[in-house]
Trainee: 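Below: one structure in structure tokens.
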Amino acid sequence: MDHLGRDPGPDAREALERLLLDGPRRYTRLQVTELSGVPPERTRRLWRALGFADTADDDPAYSDADVTALRVLSSLIDCGFVNAESEATIARAMGQALSRLADWQTDMLADVLGGAAREEERQPTPEEAVGAARTLLPLLRDIQDYVWRRHLVANADRLLSAAASGGDRRQLAVGFADLVGYTSRSRGMGGRELGDMVEDFESIAAEVIARHSGRVVKTVGDGVLFTAASAVDAADIALDLPDEWAAEDRPELRVGAAFGSVLTRLGDVYSPVVNLASRLTSVARPSTVLVDRELARRLRGLSAYRVRPLKRVSVRGYDDLQPWLVRRRPPGEEDNALEEMLDEMADQVLERDEDGDGDDVLA
């Protein structure tokens, strides 16, 4: 059935599949393994990792494109570019990312096609669906290739440094931005209204993070996880996000960020720094930004920011966590006796923490 409840028919469906798969479905799973030279259990493992359901052994569900893809993957392993133990992990990461992209593009194409038909007060025909896909999908493929290459260029420095150091650990700022009261608020919203709010949030977050040379690691409905190479970029992202998101009809935003050694793998990030940023977000008040000691130390003394220690708190994983509140210094503001005293107190707290063990982590 199509998105309007009409069955597009076998001819239209087959034409669309041929377009997307570069040919008809003609091979069973066992035939694909024989043609590609990849063992059956390995093909099943990779197929599942990509996010696709199993097929019966006698079901001709595969095309020449599937055979070619398996041959390419096998060549990558033979050449040493992909480790045989990690191929399923890589397939899973690609499958998850591209599945979301495919979902979005399917909705986009359906909206475009449905909108054109509604203007003529009729339903789109299956032939129109295939024709629209034939026109638009090659264009989407070209722009995807371009965006992918540009992201590789943006990561060129990291590629070279990782190759030189032989590792994938980096010193990064990690931040969380979280919508306050999202769960309760979303219960009273319609599907389209909720979708529009999430789309606005992701759009604004992506624009702000990119503007300050950061990277969106992932978004999860009511939050976004991002990284930045410098403390200043992280602070500017964290401070801009609540300001640019703020509106009377939107829930407030809070941000937590931390700085330290981070493992980057398959587009995700892993480190106690990630957990620390999450805990700081959980104790932040609406429309505020809290950071850890290391990020506070890197920002202290910079004239663009006010960095102040808050009362220590106990949260899951941290027995005696010291949050630091970061605000922008108003343009043209002169230092006064109170601000100078607060600056001295902040420096004393930093010095004391550096002499001790810093934030106590529960075992």
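Keep in mind that this is a model prediction, so the values were computed, not measured. Below, all heavy atoms of this structure are taken into account, side chains as well, without hydrogens, waters or symmetry copies.
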Trainee: If we check salt bridge (charged side-chain N to carboxylate O under 4.0 Å, His left out) with Arg29, which of these qualifies: Asp54, Asp66, Asp57?
Mentor: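 The passing option is Asp57.
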Trainee: Do Val174 and Ser271 have side chains that approach each other closer than 4.5 Å (heavy atoms only, starting at C-beta)?
Mentor: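 No, too far: nothing below the 4.5 Å cut-off.
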Trainee: Which heavy atom in Ile237 sits nearest to a heavy atom in Val208, and how many Å separate them?
Mentor: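 Shortest heavy-atom separation between Ile237 and Val208 comes out as O-CG1, 3.9 Å.
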Trainee: Any side-chain heavy-atom pair from Val326 and Leu290 closer than 4.5 angstrom?
Mentor: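 Side chain of Val326 against side chain of Leu290, heavy atoms only: no contact under 4.5 Å found.
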Trainee: May I have the step-by-step check of side chain to side chain contact (heavy atoms under 4.5 Å, CB included) for Leu276 and Leu280, ending in yes or no?
Mentor: CA-CA 6 Å; Leu276 181 53; Leu280 288 164; 4.2 Å; yes
Trainee: Contact between Val255 and Pro242 at the side-chain level, heavy atoms closer than 4.5 Å - yes or no?
Mentor: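 Of all side-chain heavy-atom pairs linking Pro242 with Val255, at least one is under 4.5 Å.
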Trainee: Do Thr28 and Gln31 come close enough that some side-chain heavy atom pair is under 4.5 Å?
Mentor: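 Counting from C-beta outward, Thr28 and Gln31 do come under 4.5 Å.
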Trainee: Specify the closest pair of heavy atoms between Leu295 and Ala258, including all atoms of both residues, with the distance to one decimal.
Mentor: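 Leu295 and Ala258 have their closest heavy atoms at CD2-N, 4.1 Å.
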Trainee: So, Glu294 and Gln171: side-chain donor and acceptor under 3.5 Å apart, yes or no?
Mentor: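 Glu294 vs Gln171: no donor-acceptor pair found between side chains.
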Trainee: Just checking, any donor-acceptor pair under 3.5 angstrom between side chains of Thr55 and Arg44?
Mentor: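 There is no such pair (donor and acceptor under 3.5 Å, judged by atom type) between the side chains of Thr55 and Arg44.
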Trainee: Report whether Val289 and Val180 are members of the same hydrophobic cluster (ILVMFWY, side-chain heavy atoms less than 4.5 Å apart, transitive linking).
Mentor: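 Shared cluster, no.
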Trainee: Taking NZ, NE, NH1 and NH2 as the nitrogens, is one of them in Arg211 or Asp240 under 4.0 Å from a carboxylate oxygen of the other?
Mentor: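 Yes, Arg211 and Asp240 are salt-bridged.
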Trainee: Could you tell me which non-hydrogen atom of Tyr62 sits nearest to which non-hydrogen atom of Val32, and how far apart they are?
Mentor: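 Where Tyr62 meets Val32 most closely, the heavy atoms are CB-CG2, 3.4 Å.
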Trainee: Under the side chain to side chain contact (heavy atoms under 4.5 Å, CB included) rule, what do Arg306 and Arg327 come out as? Steps first, then yes or no, please.
Mentor: CA-CA 5 Å; Arg306 296 290 191 195; Arg327 295 179 290 113; 3.9 Å; yes
Trainee: What distance do Asp292 atom CG and Arg298 atom CZ have between them, rounded to the nearest 0.5 Å?
Mentor: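 If I round to the nearest 0.5 Å, the distance is 9.5 Å.
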Trainee: A side-chain contact here means heavy atoms from C-beta on lying under 4.5 Å apart; do Leu98 and Leu101 qualify?
Mentor: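 In short, these two side chains touch, coming nearer than 4.5 Å.
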Trainee: Are Gln322 and Arg293 close enough that some pair of their side-chain heavy atoms sits under 4.5 Å apart?
Mentor: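 With C-beta onward as the side chain, the pair stays apart.
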Trainee: Set out, in order, the CA-CA distance, both residues' side-chain angles and the distance that settles side chain to side chain contact (heavy atoms under 4.5 Å, CB included) for Phe226 and Leu241, then state yes or no.
Mentor: CA-CA 12 Å; Phe226 65 89; Leu241 278 173; 4.2 Å; yes
Trainee: What is the distance from atom OG1 of Thr89 to atom CE of Met94, rounded to the nearest 0.5 Å?
Mentor: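 Nearest 0.5 Å value for the OG1-CE distance: 13.0 Å.
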Trainee: Is Leu21 reachable from Val67 through a run of hydrophobic residues whose side-chain heavy atoms are each under 4.5 Å from the next?
Mentor: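 No: no chain of side-chain contacts under 4.5 Å links Val67 to Leu21.
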Trainee: I need the Leu225 CG to Asp268 CG distance, nearest 0.5 Å.
Mentor: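 Leu225 CG to Asp268 CG: 7.0 Å, rounded to 0.5 Å.
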Trainee: Nearest 0.5 angstrom please: Leu35 CG to Thr68 OG1, how far?
Mentor: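 Interatomic distance, Leu35 CG to Thr68 OG1, rounded to 0.5 Å: 10.0 Å.
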Trainee: Would you check if there is a donor-acceptor pair between the side chains of Tyr27 and Asp64 at a distance under 3.5 Å?
Mentor: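 Present: a donor and an acceptor within the cut-off.
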Trainee: Do Asp233 and Ser230 have a side chain donor and acceptor closer than 3.5 Å?
Mentor: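 Per modelled atom types, Asp233 and Ser230 side chains form a pair under 3.5 Å.
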Trainee: Checking side chain to side chain contact (heavy atoms under 4.5 Å, CB included) for the pair Gln105/Gln144: CA distance, chi angles, key distance, verdict?
Mentor: CA-CA 11 Å; Gln105 289 175 345; Gln144 283 172 202; 2.5 Å; yes
Trainee: At their closest point, which heavy atom of Ala49 faces which heavy atom of Ala88, and how far apart are they?
Mentor: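 Closest heavy-atom pair between Ala49 and Ala88: CB-O, 3.5 Å.
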Trainee: Does a sphere of radius 6.0 Å around CZ in Arg250 hold more than 12 heavy atoms from other residues, nucleotides or ligands, not counting ones at 6.0 Å or beyond?
Mentor: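 Counting neighbours around CZ of Arg250, more than 12 heavy atoms of other residues, nucleotides or ligands fall under 6.0 Å, so yes.
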Trainee: Please report the closest heavy-atom contact between Gly256 and Thr281, naming both atoms and the distance.
Mentor: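 Smallest interatomic distance, heavy atoms only, reads N-OG1, 3.1 Å.
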Trainee: Check whether any side-chain heavy atom of Leu179 sits under 4.5 Å from a side-chain heavy atom of Phe201, and report yes or no.
Mentor: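 Yes, close enough: below the 4.5 Å cut-off.
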Trainee: Report yes or no: do Tyr305 and Asp236 form a side-chain donor-acceptor pair below 3.5 Å?
Mentor: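 Short answer, yes.
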Trainee: May I ask you to say whether Arg149 pairs ionically with Asp145, meaning some side-chain N is under 4.0 Å from a carboxylate O?
Mentor: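 Yes.
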Trainee: For atom CD of Glu34, decide whether the heavy atoms of other residues, nucleotides or ligands shown that lie under 6.0 angstrom number more than 12.
Mentor: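 No.
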Trainee: Going from CD on Glu244 to CG on Leu253, what distance comes out if it is rounded to the nearest 0.5 angstrom?
Mentor: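 One gets 11.0 Å once the value is rounded to the nearest 0.5 Å.
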Trainee: For Arg71, look at atom CZ and say whether over 12 heavy atoms of other residues, nucleotides or ligands are found less than 6.0 Å away.
Mentor: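 Yes, the 6.0 Å shell around CZ holds more than 12 heavy atoms from other groups.
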Trainee: Under 3.5 Å, side chain of Ser282 to main-chain N/O of Arg279, donor-acceptor pair present?
Mentor: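 Side chain of Ser282 to backbone of Arg279, a donor-acceptor pair under 3.5 Å: yes, one is there.
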Trainee: Verify the cluster assignment for Val38 and Phe52: are they in a single hydrophobic cluster under the rule of side-chain heavy atoms below 4.5 Å apart?
Mentor: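 Result: yes, single cluster for both.
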Trainee: Between Val262 and Arg170, is any pair of side-chain heavy atoms under 4.5 Å apart?
Mentor: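 Answer no - side chains too far apart.
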Trainee: Give, for atom OG of Ser314 and atom CG of Asp320, the distance between the pair rounded to the nearest 0.5 Å.
Mentor: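 Here the interatomic distance stands at 8.0 Å.
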Trainee: Taking all heavy atoms of Ala231 and all of Leu299, pick out the closest pair and write down the distance.
Mentor: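 Result for this residue pair: O-CD2, 3.7 Å.
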